[in-house]
Amino acid sequence: MMHQKVVEPLTVLYAAQELTIPEIGSHAEKLCAALLAEAQKQRLSIAGPWVFVYHKLPANGTDRCLAEFCLPVDGPETGSDSAFAVKTLNRFACAASEYRGSLAGLFEHGYQPLVNDITGAGLRVTGESREIYHAWAAPDSPDNRVELQFGVE
């Protein structure tokens with residue numbers, strides 16, 4: 001069920017890449033491991049669950065979008081000598097819902113109902129969307145809990 005909320009600014013260690021939807025999973029696995037190692041190297045405290053930010057998420061598997069893999073941390077924004085940087089995600093007004101289950105059903109049972117609710121409410125999306133991984137077991141696990149957020153105006 002959709003609800004509207006405002007997410008406050010969030011400091012993250014992040015990596016960004018232009019990807020298609022099918023490429024996200026394999027890149028996320030590698031980049032998240034590297035981001036965790038970098039957080040340890042920089043002695044940053046982890047301050048929340050993973051956040052994946054998408055800019056103009058496509059409706060198909062062939063178009064690319066900018067994907068940012070973000071690990072919330074306690075620490076200042078930095079330009080470091082690593083491949084990753086710390087930045088602050090902006091305040092974010094969004095329509096959100098929670099999806100529980102395997103990644104195979106994420107679009108049909110997570111994104112599609114949320115998009116339908118947004119459309120039905122007459123809201124306009126901004127082009128930024130986020131996934132917040134509150135619980136993660138494995139790609140095929142029914143125990144995953146992912147909050148889906150679409151920026152709205």
* Asked: Which atom pair, heavy atoms only, marks the closest approach of Arg91 to Pro9?
  -> N-CG, 4.0 Å
* To do: Kindly work out whether a path of hydrophobic side-chain contacts (I/L/V/M/F/W/Y, heavy atoms less than 4.5 Å apart) joins Leu89 to Ile46.
  => no
* Structure fact -> In this structure, SG of Cys70 is separated from CG of Leu35 (nearest 0.5 Å) by 8.5 Å
* Asked: What's the spacing between Lys30 NZ and Gln17 CD if we round to 0.5 Å?
  -> 9.0 Å
* Asked: Closest heavy-atom contact between Pro22 and Gly61?
  -> CD-O, 3.3 Å
* Asked: Is there a chain of hydrophobic side chains (I, L, V, M, F, W, Y, each step under 4.5 Å between heavy atoms) that links Val115 to Phe52?
  -> yes
* Structure fact -> Output for pair (Leu44 CG, Glu38 CD), nearest 0.5 Å, gives 8.0 Å
* To do: Answer yes or no: is there a side-chain heavy-atom contact under 4.5 Å between Leu66 and Lys56?
  => no
* Is there a side-chain contact between Val53 and Tyr14 (heavy atoms, below 4.5 Å)? -> no
* Is Val125 linked to Phe92 within one hydrophobic cluster, defined over Ile, Leu, Val, Met, Phe, Trp and Tyr using a side-chain heavy-atom separation of less than 4.5 Å? -> no
* Gap between atom NZ of Lys87 and atom CG of Leu10 - 0.5 Å precision -> 11.0 Å
* To do: Would you mind checking if Glu147 and Arg145 are paired as a salt bridge, meaning a charged N to carboxylate O distance below 4.0 Å?
  => no
* Are Ile24 and Phe84 connected in the hydrophobic side-chain network, where two residues link if heavy atoms are under 4.5 Å apart? -> yes
* Please report the closest heavy-atom contact between Val73 and Val12, naming both atoms and the distance. => CG2-C, 4.1 Å
* Please indicate whether Gln4 has more than 12 foreign heavy atoms, meaning atoms of other residues, nucleotides or ligands, lying under 6.0 Å from its CD. => yes
* Contact summary for Pro113 and Phe107, nearest pair of heavy atoms -> CD-O, 4.4 Å
* Arg64 side-chain N/O to Glu18 backbone N/O, donor-acceptor pair under 3.5 Å -> yes
* Any side-chain heavy atom of Leu114 within less than 4.5 Å of one from Tyr99? -> no
* Asked: Is there a side-chain contact between Leu13 and Val86, using heavy atoms and a 4.5 Å cut-off?
  -> yes
* Would you indicate whether the side-chain heavy atoms of Leu123 and Phe150 approach each other to under 4.5 Å? => no
* **Minimum heavy-atom distance between Ile118 and Ala95, given as atom pair plus value** => CG1-CB, 3.7 Å
* With distance as the sole test, does Asn144 use its side chain to make a donor-acceptor pair with the main-chain N or O of Arg100 at under 3.5 Å? -> no
* **Close side-chain approach of Glu128 and Asn90, heavy atoms under 4.5 Å** => no
* To do: To the nearest 0.5 angstrom, please state how far the OG1 atom of Thr88 sits from the CD atom of Glu8.
  => 12.5 Å
* Do you know which two heavy atoms are closest between Leu71 and Ala39, and how far apart they sit? -> CD2-CB, 4.0 Å
* **Between CG on residue Leu148 and CG on residue Leu57, distance to nearest 0.5 Å** => 10.0 Å
* Report yes if the side chains of Leu103 and Trp136 come closer than 4.5 Å at any heavy-atom pair, otherwise no. => yes
* Test log, rule side chain to side chain contact (heavy atoms under 4.5 Å, CB included), inputs Cys94 and Lys5 -> CA-CA 6 Å; Cys94 64; Lys5 68 181 192 175; 3.9 Å; yes
* Can you tell if the side chain of Glu131 reaches within under 4.5 Å of the side chain of Tyr111, non-hydrogen atoms only? -> yes
* Does Phe69 share a hydrophobic cluster with Val146, counting links as ILVMFWY side-chain heavy atoms below 4.5 Å and allowing steps through other members? -> yes
